[in-house]
Protein chains: 2
Amino acid sequence: MADVARLAGVSAQTVSRVSTGHPGVIDSTRAQVLAAMKELGYRPNSAARALKRGEFRTIGVLLFTLATTGNSRTVEAIANHAAREGYAITIIPVAAPTQDGVLGAFTRLGELGVDGAIVILEVHLLDSTRITLPPGVQVVVVDSDAGDTYTVVDTDQADGARQAVRHLLSLGHATVHHVTGPASSFASERRADAWRSVLASFDRAAPAPIVGDWSADSGYAAGLQLADDPSCTAVFASNDQMALGLLRAFQERGRNVPGEISVVGFDDIPEARNFLPPLTTVHQDFAEMGRRCVQTVLRQIRNEVTTPGTTLVPTRLVERSSTAPPPSL
Amino acid sequence: MADVARLAGVSAQTVSRVSTGHPGVIDSTRAQVLAAMKELGYRPNSAARALKRGEFRTIGVLLFTLATTGNSRTVEAIANHAAREGYAITIIPVAAPTQDGVLGAFTRLGELGVDGAIVILEVHLLDSTRITLPPGVQVVVVDSDAGDTYTVVDTDQADGARQAVRHLLSLGHATVHHVTGPASSFASERRADAWRSVLASFDRAAPAPIVGDWSADSGYAAGLQLADDPSCTAVFASNDQMALGLLRAFQERGRNVPGEISVVGFDDIPEARNFLPPLTTVHQDFAEMGRRCVQTVLRQIRNEVTTPGTTLVPTRLVERSSTAPPPSL
DNA sequence: CCGCACGATGTTTACGTAAACATTGCACTG
DNA sequence: CAGTGCAATGTTTACGTAAACATCGTGCGG
């Protein structure tokens with residue numbers, strides 16, 4: 001900066017004013033400074049800026065994996081909205097889905113130069129008293145019911161699942177089987193709860209759910225099991241990948257979808273409309289998730305206040321060709 | 001830090017020594033300092049650290065989207081390996097796949113406090129003379145042939161495509177159709193080139209390729225076209241999503257896969273093994289990609305030298321159930 | 001028993017920026 | 001034409017840390 005000032009024949013402060021776009025610099029001066037900056041290839045040093053300003057203009061995103069569609073799309077939306085607000089995002093991978101892994105990630109978060117953080121983690125990993133948030137770092141949590149402690153933004157899991165199950169029942173199915181995500185997942189738990197409660201509200205017996213792990217393979221395994229149960233005419237899978245596995249299993253066992261069995265997924269990944277048959281599924285608005293996360297953290301950062309509470313992002317059922325009335329009708 | 005020093009009854013420098021794990025501090029002193037840190041909830045200020053040390057321990061990742069499997073899995077691997085080396089990663093989304101979008105991203109990169117960067121972009125967006133790299137920022141490029149200018153790490157696209165095409169020819173197919181990715185994609189171009197050259201080396205005519213856009217929908221559209229061509233018995237799709245679309249189109253048109261038509265994809269996304277039928281595809285090792293990217297940038301950062309050149313990550317064909325000899329045999 | 005060497009700790013300083021305050025000069029008013 | 005006010009620019013200082021150098025004390029060899 002000093003070099004630029006010298007070359008432009010002004011003070012360092014004027015250079016600073018130009019580089020921050022401050023008003024009160026006459027055009028001719030500004031032009032000189034800009035020329036000098038260009039000639040010397042000057043770039044403001046962000047560390048010094050952050051030090052001086054006391055803010056980093058960076059948001060940390062803590063997550064365990066980017067491999068799930070939901071996470072990667074949420075992160076993408078977060079990155080885009082943050083960029084629009086002039087914030088960068090830093091990914092902080094959680095080494096292992098354990099208390100220690102989370103603890104380590106939070107430690108790094110604290111050392112990292114971040115004004116706020118978005119935590120995309122199963123909540124039960126968060127409730128440890130050992131985790132101390134870096135002071136001054138505002139946090140927003142996704143996929144969690146910690147609404148009384150943290151600020152939470154989440155997809156309306158329950159409503160999505162309700163729509164799925166009601167859709168199947170309204171087609172005439174006697175009941176709906178369910179393939180869940182892993183037990184550790186809050187989202188999966190919510191969806192299962194909603195599934196159970198809708199069945200209960202219609203006085204239908206809830207078959208024992210089959211526990212999957214989000215992978216298509218686990219859906220396939222579940223499908224092999226369900227295919228042999230002639231009473232099974234409708235399955236609600238907790239995500240689209242598992243639904244894909246179901247479709248394959250039913251196809252291999254000669255059970256026609258949707259003729260004999262209907263399948264509904266969750267997420268509406270882009271591929272879902274090209275499954276065989278095209279999948280009826282619950283659409284999640286990941287872009288909106290990201291937008292609200294960013295909006296919420298930024299509000300907290302700017303106000304320096306934490307307001308616990310949960311924001312729900314609505315879902316909607318997308319009807320395609322994997323659902324139909326049961327064969328008996 | 002001053003407060004901690006006062007409470008512990010030592011100098012600020014000693015606090016610094018403890019917090020950086022410097023040797024030469026007697027245990028009793030260290031314990032006092034640590035206690036004081038804990039009591040006051042002290043966290044080192046990373047901006048000041050970065051300013052003093054002249055490094056940020058952060059790597060920027062420039063990309064256009066996280067929505068493709070390849071990108072998100074590569075980023076995940078990058079994040080994990082970087083974390084292992086004590087580096088954080090910052091995502092810099094490119095607003096639009098245009099020169100201006102890229103330019104903006106590079107500008108932000110320069111302001112961002114980053115020791116190096118990994119650029120996951122189509123190369124033709126990079127060759128603008130308007131793009132000036134921030135001095136001192138080392139760059140590694142993915143999905144590009146800019147090996148003479150930048151350091152490039154990439155999947156061995158050509159070899160993967162060659163394996164796919166050779167596999168189909170060795171099954172007895174007279175020729176192989178091809179559904180490409182978007183014209184702007186370097187990876188797609190490479191795969192198409194390899195497809196063409198293998199056909200040429202076997203003296204087979206290359207049918208006109210169909211241009212897709214990576215989406216399953218575009219694969220479906222291509223499939224509808226190909227299904228009506230009775231001479232088409234084998235298709236190589238440039239990614240798995242488009243292969244999925246092909247499968248649906250063929251199924252809808254009553255063309256049995258693999259009985260009448262064989263399909264090969266590229267990427268080996270986790271879902272591919274649960275397609276109908278399970279997809280033969282070229283496996284990409286994204287984790288290895290990420291590892292090499294990080295390794296390469298870090299080497300550059302540490303040596304402060306740029307060594308142009310290309311590192312290729314090998315691929316391998318995974319044979320599943322979507323390929324078989326052509327019906328005539 | 002003196003002095004030297006080394007280990008432990010303290011003091012000074014600089015990293016690059018921007019806020020706060022100081023100064024300059026010019027236009028406009030009475 | 002002097003005085004006033006404001007716009008443009010300059011000067012000083014502090015942000016939190018860690019390297020470099022300075023100091024202190026202790027143990028050991030001669």
Side-chain angles (χ1 to χ4, degrees), chain A residues 1-37 40-58 86 88 108 110-115 134-137 304, chain B residues 1-37 40-58 86 88 108 110-115 134-137 304:
Chain A
M1 188 155 104
D3 298 337
V4 174
R6 205 171 309 122
L7 180 60
V10 299
S11 73
Q13 182 56 30
T14 301
V15 176
S16 166
R17 279 193 261 260
V18 171
S19 89
T20 53
H22 237 258
V25 179
I26 210 168
D27 282 351
S28 60
T29 311
R30 179 187 311 278
Q32 276 177 9
V33 173
L34 288 174
M37 280 180 173
L40 272 60
Y42 167 81
R43 307 268 176 172
N45 178 307
S46 67
R49 266 198 181 168
L51 175 60
K52 192 74 183 82
R53 300 210 263 225
E55 60 166 25
F56 302 92
R57 307 210 129 247
T58 296
R108 264 177 292 142
E111 295 166 348
L112 212 53
V114 141
D115 303 308
V137 173
E304 301 265 321
Chain B
M1 188 157 104
D3 297 337
V4 174
R6 204 170 311 120
L7 180 59
V10 298
S11 73
Q13 182 57 30
T14 301
V15 177
S16 166
R17 280 194 260 259
V18 171
S19 89
T20 53
H22 237 259
V25 179
I26 211 168
D27 283 351
S28 61
T29 311
R30 179 188 311 278
Q32 276 176 9
V33 172
L34 288 175
M37 280 181 174
L40 272 61
Y42 166 82
R43 306 267 175 170
N45 177 308
S46 68
R49 267 198 179 168
L51 175 60
K52 192 74 184 82
R53 301 210 262 225
E55 60 166 26
F56 301 91
R57 307 211 129 245
T58 295
R108 264 177 292 142
E111 295 165 348
L112 212 54
V114 140
D115 303 309
V137 173
E304 301 266 320

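Worth knowing before you read on, the calculation uses all heavy atoms, side chains too, and leaves out hydrogens, waters and symmetry mates. Here the structure is a predicted model, which is why all the values come from computation and not from measurement. Protein chains get the first letters and strands the later ones, always in sequence-line order, with residue 1 at the start of each.
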Sugar-phosphate only, base, or nothing, as touched by B/Arg53 at under 4.0 Å among non-hydrogen atoms: sugar-phosphate
Between P of C/dC26 and CD1 of A/Ile26, the distance in whole Å: 11 Å
Rounded distance (Å) that lies between atom P of D/dA14 and atom NZ of B/Lys52: 18 Å
Sugar-phosphate, base or nothing in reach of A/Ser16, heavy atoms under 4.0 Å: base
Position toward the 5' end of DNA chain C (nearest nucleotide), B/Asp27 or B/Ala48: B/Asp27
Whole-Å distance separating the CE atom of B/Met1 from the P atom of C/dT11: 13 Å
Touch class at under 4.0 angstrom, heavy-atom based, for A/Leu51 against every strand present: base
Interatomic distance where CG belongs to B/Leu40 and C1' belongs to D/dG16 [whole Å]: 15 Å
Side-chain N,O (A/Thr29) to OP1/OP2 (D/dT9) below 4.0 Å: yes
5' precedence on DNA chain C between B/Gly9 and A/Ser19 (nearest-nucleotide basis): B/Gly9
Sugar-phosphate, base or nothing in reach of B/Val15, heavy atoms under 4.0 Å: nothing
Atom-pair distance (CZ on A/Arg49; C1' on D/dA14), nearest Å: 17 Å
Side-chain donor/acceptor of A/Thr14 to backbone N/O of A/Ala12, under 3.5 Å: no
Rounded distance in Å - CZ (A/Phe56) to P (C/dT17): 16 Å
Main-chain N/O of B/Glu55 paired to B/Asp115 side chain as donor or acceptor, under 3.5 Å: no
Contact under 4.0 Å: A/Thr14 side-chain N or O vs D/dG10 OP1/OP2: yes
Euclidean distance, atom NE2 of residue A/His22 to atom C1' of D/dG10 [Å, nearest integer]: 15 Å
side-chain hydrogen bond (donor to acceptor under 3.5 Å, both in side chains) contacts in which one or both residues fall within residues 15-36 of chain B, not counting sequence neighbours: B/Ser19-B/Arg49
side-chain N/O A/Arg17 vs D/dT9 OP1/OP2, d < 4.0 Å: no
